[in-house]
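Down below is the structure, laid out as structure tokens.
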Amino acid sequence: MGDIIDIMSANLISPIILSFVLGVAAALARSSLSVPEAIAKGLSIYLLFAIGFKGGAAVSSHGADSTLVLALIAGMVLSFLIPIVAYGLLRSMTRLPPVDAAAVAGHYGSISIVTFVSATAILTARGLQSEGYMVAVAAAMEAPAILTALWLAARSGSGGRMDSELWREVLLNGSIVLLLGAFVIGLVTGEQGLKDIESFVVNPFKGVLCLFLLDMGLVAGRGLRQARGLLGAGAVAFAILMPLVGAALTLPVALLLGLSTGGVALFMTLAASASYIAVPAAMRVALPEANPSIYLTLSLGITFPFNLSLGIPLYLAAATWAHGV
Amino acid sequence: MGDIIDIMSANLISPIILSFVLGVAAALARSSLSVPEAIAKGLSIYLLFAIGFKGGAAVSSHGADSTLVLALIAGMVLSFLIPIVAYGLLRSMTRLPPVDAAAVAGHYGSISIVTFVSATAILTARGLQSEGYMVAVAAAMEAPAILTALWLAARSGSGGRMDSELWREVLLNGSIVLLLGAFVIGLVTGEQGLKDIESFVVNPFKGVLCLFLLDMGLVAGRGLRQARGLLGAGAVAFAILMPLVGAALTLPVALLLGLSTGGVALFMTLAASASYIAVPAAMRVALPEANPSIYLTLSLGITFPFNLSLGIPLYLAAATWAHGV
Amino acid sequence: MGDIIDIMSANLISPIILSFVLGVAAALARSSLSVPEAIAKGLSIYLLFAIGFKGGAAVSSHGADSTLVLALIAGMVLSFLIPIVAYGLLRSMTRLPPVDAAAVAGHYGSISIVTFVSATAILTARGLQSEGYMVAVAAAMEAPAILTALWLAARSGSGGRMDSELWREVLLNGSIVLLLGAFVIGLVTGEQGLKDIESFVVNPFKGVLCLFLLDMGLVAGRGLRQARGLLGAGAVAFAILMPLVGAALTLPVALLLGLSTGGVALFMTLAASASYIAVPAAMRVALPEANPSIYLTLSLGITFPFNLSLGIPLYLAAATWAHGV
Amino acid sequence: MQTHRAKRVEIIIEAPMERRLADAIIAAGITGFTILPVLGGSGRSGRWSREGQVSSAGGMAAFVCIVRPERVDALLDAAFALLKSHIGVVSVTDCEVLRAERF
Amino acid sequence: MQTHRAKRVEIIIEAPMERRLADAIIAAGITGFTILPVLGGSGRSGRWSREGQVSSAGGMAAFVCIVRPERVDALLDAAFALLKSHIGVVSVTDCEVLRAERF
Amino acid sequence: MQTHRAKRVEIIIEAPMERRLADAIIAAGITGFTILPVLGGSGRSGRWSREGQVSSAGGMAAFVCIVRPERVDALLDAAFALLKSHIGVVSVTDCEVLRAERF
Ligand SMILES: Nc1ncnc2c1ncn2[C@@H]1O[C@H](COP(=O)(O)O)[C@@H](O)[C@H]1O
Ligand SMILES: Nc1ncnc2c1ncn2[C@@H]1O[C@H](COP(=O)(O)O)[C@@H](O)[C@H]1O
Ligand SMILES: Nc1ncnc2c1ncn2[C@@H]1O[C@H](COP(=O)(O)O)[C@@H](O)[C@H]1O
Ligand code: NA
Ligand code: NA
Ligand code: NA
């Protein structure tokens with residue numbers, strides 16, 4: 001217990017989290033502070049490239065153990081199933097209509113790569129290793145939840161449309177391709193490659209993450225300001241409960257797979273995180289009737305900050321505890 | 001005297017100043033060289049974040065001495081009063097109509113954060129320390145001058161309008177919020193935070209400043225090219241005299257406060273510098289009758305390069321000399 | 001021979017080349033991955049500044065030897081003459097109309113600075129030095145080919161127009177000015193300047209090049225996808241043959257000049273590379289009848305990747321071999 | 001200067017539908033259009049601005065499509081089929097063009 | 001396809017006034033508008049371009065606002081009150097819209 | 001609100017010609033215009049998008065130029081002289097403006 005508080009407080013006063021807080025505060029105070037769209041996209045390209053590359057380089061130097069494939073499968077299964085749990089909770093905790101509930105559920109089955117990146121930074125700060133292939137697991141967990149969401153929506157009569165074109169868009173969306181591509185580059189070029197570009201992908205990483213989270217804070221804060229009054233207490237409670245549920249479902253799976261403490265914490269973080277890039281774009285095309293303000297506010301305005309501040313330290317503490325048992 | 005020349009020549013052949021010169025030259029030669037707006041804004045976000053953070057971290061490790069509050073108050077008072085001096089000079093040296101003179105005066109009471117950042121880089125290059133809280137003083141000096149400018153304009157019959165909305169915009173403008181926010185983050189996370197993101201906020205700092213000054217040079221050069229003929233000799237003389245006057249007024253104040261040599265030089269630089277971001281935006285809203293070409297050309301086209309090349313070394317030499325007396 | 005294969009395979013699995021491959025693959029698969037235009041431009045500003053600066057700093061510390069001027073002249077002569085060879089090949093190998101052949105020929109006489117930058121990165125990785133002034137040679141080779149192209153077009157009846165305005169645009173285009181300006185800054189500030197901004201222009205260089213080549217790959221891949229069917233086998237063969245011809249013509253010249261092995265390889269690379277920035281822009285103004293898809297696809301879609309993957313290692317092997325003879 | 005009557009159709013549509021609208025316009029037999037970026041706006045679903053967007057899911061794009069008068073219905077039908085369940089606005093203006101053979 | 005008469009009002013205004021104009025339009029009872037970025041231009045105060053700007057103080061933005069004909073006066077009054085001492089240009093065009101209930 | 005008849009001329013032109021068109025418009029005695037960025041488009045020479053461009057050689061820009069009716073021919077002549085061998089589209093729309101003395 002002292003351990004959790006220790007991890008949490010170390011986390012809460014890190015430049016990373018405080019940059020996010022600064023962004024939220026600036027947005028709520030209606031400051032003109034803003035990060036140009038192109039810069040935000042540039043920062044995220046850097047982060048995806050760096051995290052993917054380092055994951056690949058780690059696998060290349062430690063070797064891929066046999067759990068890689070099992071972890072990928074487990075990740076996809078969780079991404080398929082978590083939306084069902086989320087949908088059930090939403091329908092009982094809120095008055096959201098089925099189509100909105102289905103859309104929201106899809107977001108929670110999928111993942112947020114920035115939450116994942118932040119978790120790796122927290123692990124690194126505490127000197128914890130993790131399996132490099134977790135970035136591949138992250139990629140694998142992005143899409144399945146969308147299918148489940150559309151199936152849930154179709155069941156309730158509002159026909160979600162998933163054509164081959166949308167499939168391609170989802171599976172080949174820029175983030176996944178960059179993350180996996182950089183993973184493969186790291187895998188192929190290995191230690192030599194890492195030495196080549198270490199002072200680019202390793203040293204400034206945390207600083208770049210600060211600026212990116214500053215922007216995320218600005219976006220989340222603006223979203224919260226606009227969505228004031230749109231969300232009931234039930235929905236807000238869901239956005240805090242659901243990551244805990246997702247993480248709890250994943251803990252035993254991750255332990256069964258035999259992941260390291262860091263790996264368990266990352267897997268829990270993935271399950272706990274909610275998408276705000278790939279899934280919203282897919283939902284606008286496939287389920288245009290669902291209100292985007294609802295799912296964006298829940299995932300970006302509530303669940304993302306919750307995971308960043310309290311969630312990740314909690315999952316890490318749980319992983320440490322479970323490994324000690 | 002040899003000292004001044006020494007500092008000046010070291011300054012004039014630094015990559016920082018030469019990058020600015022390159023920008024001016026490219027603009028005057030009508031080269032197509034340009035820095036995309038988003039990149040320029042991204043660079044300035046980096047610089048503000050880094051300078052604020054390092055200031056906060058410095059205060060955190062050296063402790064805030066009691067002069068902090070006094071320096072803030074002194075900065076605000078100078079920002080209020082300098083425009084009155086500037087207005088007097090302008091009305092006697094130029095034929096600018098009152099409303100334009102008032103607008104220009106407001107720019108010289110406020111500050112240019114890039115001039116400040118360049119001064120810190122010059123100090124660092126010479127191994128000089130300065131008070132970390134000078135970034136807070138910089139923030140405090142931004143707004144008061146706007147009030148004085150509007151009061152000067154109102155006195156002369158052209159009613160400046162300052163509503164609560166504009167107040168909010170000025171006090172919470174993006175640069176101030178980022179600078180102060182990063183300062184607080186540095187203060188809270190202290191040495192550990194600095195270690196975390198040192199290779200982001202410290203190492204590449206000078207290089208980033210070079211690219212940013214390249215862009216400033218392009219903008220200043222284009223401005224000069226377009227304003228050819230717009231400004232009389234009196235206005236140009238003002239733009240060189242005024243920073244010296246501002247710095248001279250500040251020197252005794254800074255000495256009285258007991259600042260270090262570096263701190264005195266920075267305080268003089270702040271007083272000498274003229275705004276070209278916050279104040280122009282406020283003037284367009286509150287004093288639309290004032291001609292923006294005049295105040296932008298004077299502050300960005302003349303005073304900024306003057307401070308960058310000759311002013312800062314001069315203020316540093318004066319601070320060194322005054323400390324020796 | 002074993003040497004060539006060795007260099008090539010080391011090159012082919014470097015993060016640099018694999019980033020390009022990732023970009024091409026993502027574009028061909030129609031992924032939504034994209035680098036914002038402003039970011040791509042920002043990356044290229046960084047690369048030009050860094051490569052120019054380092055070239056200048058190298059000249060400053062090793063001294064400029066007397067071959068500098070001869071190398072500049074040789075570069076300009078090659079840039080003038082190579083288009084004539086290219087035009088001859090194009091007219092015999094393809095059915096392109098004269099105006100298109102002339103436009104394409106101009107591209108191959110000029111140079112691609114990114115190809116040059118990639119070659120320097122490959123040299124550095126192998127611990128090879130080269131003459132710092134090669135960046136000035138690169139700049140000198142950019143424009144002459146445009147004149148030859150317009151002369152070729154005029155000969156065939158389609159009047160290319162080259163007015164003084166276009167001259168200024170070509171000679172003072174942003175890339176040349178930045179490259180040469182940074183070269184001069186490096187030259188003037190020398191070792192001290194390099195120490196000042198080393199952790200900006202040296203350390204992250206390769207990583208930035210990776211992201212830039214990722215974007216180049218995306219652009220090249222999209223171009224290839226759209227130009228499918230537009231180009232005959234003859235044109236494709238030309239785009240692979242011509243760089244070899246250009247490099248072969250340059251090898252004896254570079255040896256005569258007495259350049260180092262690295263210098264010879266860079267000179268060959270310059271001759272082998274084809275422009276896709278300065279020349280296309282000039283051709284749109286001066287030869288609007290020429291089809292831009294043809295010259296962009298050949299230079300960016302075929303010759304650029306060829307040089308990056310196979311060409312540069314080949315030129316380096318040839319330079320090594322010729323120096324050993 | 002000789003000009004010809006044409007119609008200028010301007011469509012504001014949410015960004016995730018941008019490529020689909022382009023495909024639909026081309027499928028309707030119309031090859032010429034231009035896409036402009038959008039910074040922000042306001043509508044029944046509230047105010048938004050580009051800088052408040054973390055992804056392209058939230059942005060919008062503006063299509064400008066100049067067509068001969070007799071083709072405007074094909075274009076509107078194509079646009080409407082896509083737009084009906086999506087956020088977006090369509091306006092049609094009379095205009096004159098040079099070089100009518102292009103449209 | 002059934003269309004309805006409307007007015008397309010386009011306003012080019014200096015960037016520091018952008019949010020104030022948006023507020024004024026909404027205060028005039030009109031909720032729909034779109035803001036486009038502007039790269040540069042020329043006017044009585046000379047030529048300018050986005051890349052020559054160090055701050056948003058110098059840029060401009062373009063508003064597009066489609067309204068029912070009977071609302072155009074309210075919109076123009078609101079815009080003019082703001083614009084009169086500021087740099088800016090207003091044009092009004094007749095257009096046709098789909099889904100008139102939106103405007 | 002008192003408005004005046006004017007013409008709204010919109011020209012889409014390839015980026016390398018942007019400055020030349022601006023110069024030509026000014027040379028034709030017209031000082032007011034605005035340039036908007038273009039993201040992409042489609043035409044007889046195929047589809048393109050800003051993100052597929054490595055240089056400004058491939059992009060386009062949109063000019064908006066509001067002029068008094070009697071000046072529209074001078075503007076079209078100037079534009080056409082430049083455009084005839086280049087990629088580009090011109091449209092002219094009737095509009096009403098406030099503050100006619102500006103145009
Ligand atoms: N009357 C209008 N005029 C111009 N743009 C509009 C109008 N109504 C809506 N829009 C644009 O369409 C977007 C979505 O509109 P809505 O579906 O009403 O929320 C807005 O954010 C605006 O960008
Ligand atoms: N006639 C016009 N047509 C289109 N845009 C214009 C016109 N006049 C002015 N503008 C735009 O409004 C800005 C300010 O105009 P002005 O106040 O005349 O300097 C210019 O920079 C242009 O962007
Ligand atoms: N009918 C049209 N409506 C709007 N924009 C067009 C039209 N035709 C062409 N364009 C624009 O002009 C560019 C070049 O057209 P083109 O010369 O036909 O390839 C296209 O990429 C579009 O951006
Ligand atoms: Na999840
Ligand atoms: Na000042
Ligand atoms: Na060449």
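Every value quoted in this text rests on a predicted model; they were computed, and no experiment measured them. To find a chain, count down the sequence lines: A is the first, B the second, and so on, and within it residues start at 1.
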For a quick test of reading the model, state the closest non-hydrogen atom pair linking D/Asp94 to F/Thr93 and the distance between them.
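That closest heavy-atom pairing would be O-CG2, 3.3 Å.
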Between F/Val92 and D/Cys95, is the side-chain contact (heavy atoms from CB on, under 4.5 Å) condition met? List the steps. CA-CA 5 Å; F/Val92 184; D/Cys95 69; 5.9 Å; no
Which bit of D/Ile66 is near chain F, if near means a heavy-atom gap under 4.5 Å: side chain, backbone, both or neither?
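The side chain, not the backbone.
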- Query: If you tally heavy-atom pairs under 4.5 Å against chain D, which of F/Gly46, F/Gly43, F/Ser42, F/Gly40 wins?
  - Reply: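 Ranked by heavy-atom pairs under 4.5 Å with chain D, first place is F/Ser42.
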Applying a criterion of heavy atom separation less than 4.5 Å, what residues of residues 67-87 of chain D form contacts with chain F?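 Residues of residues 67-87 of chain D touching chain F at under 4.5 Å: none.
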ask   = Given a strict heavy-atom distance threshold of 4.5 Å, which part of F/Arg47 is in contact with chain D: side chain, backbone, both, or neither?
value =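 The side chain, not the backbone.
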Discussion item. Using only non-hydrogen atoms and a strict under-4.5 angstrom cutoff, which residues of residues 17-38 of chain F touch chain D?
Written reply: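 At a heavy-atom separation under 4.5 Å, chain D is reached by F/Leu36, F/Pro37, F/Val38.
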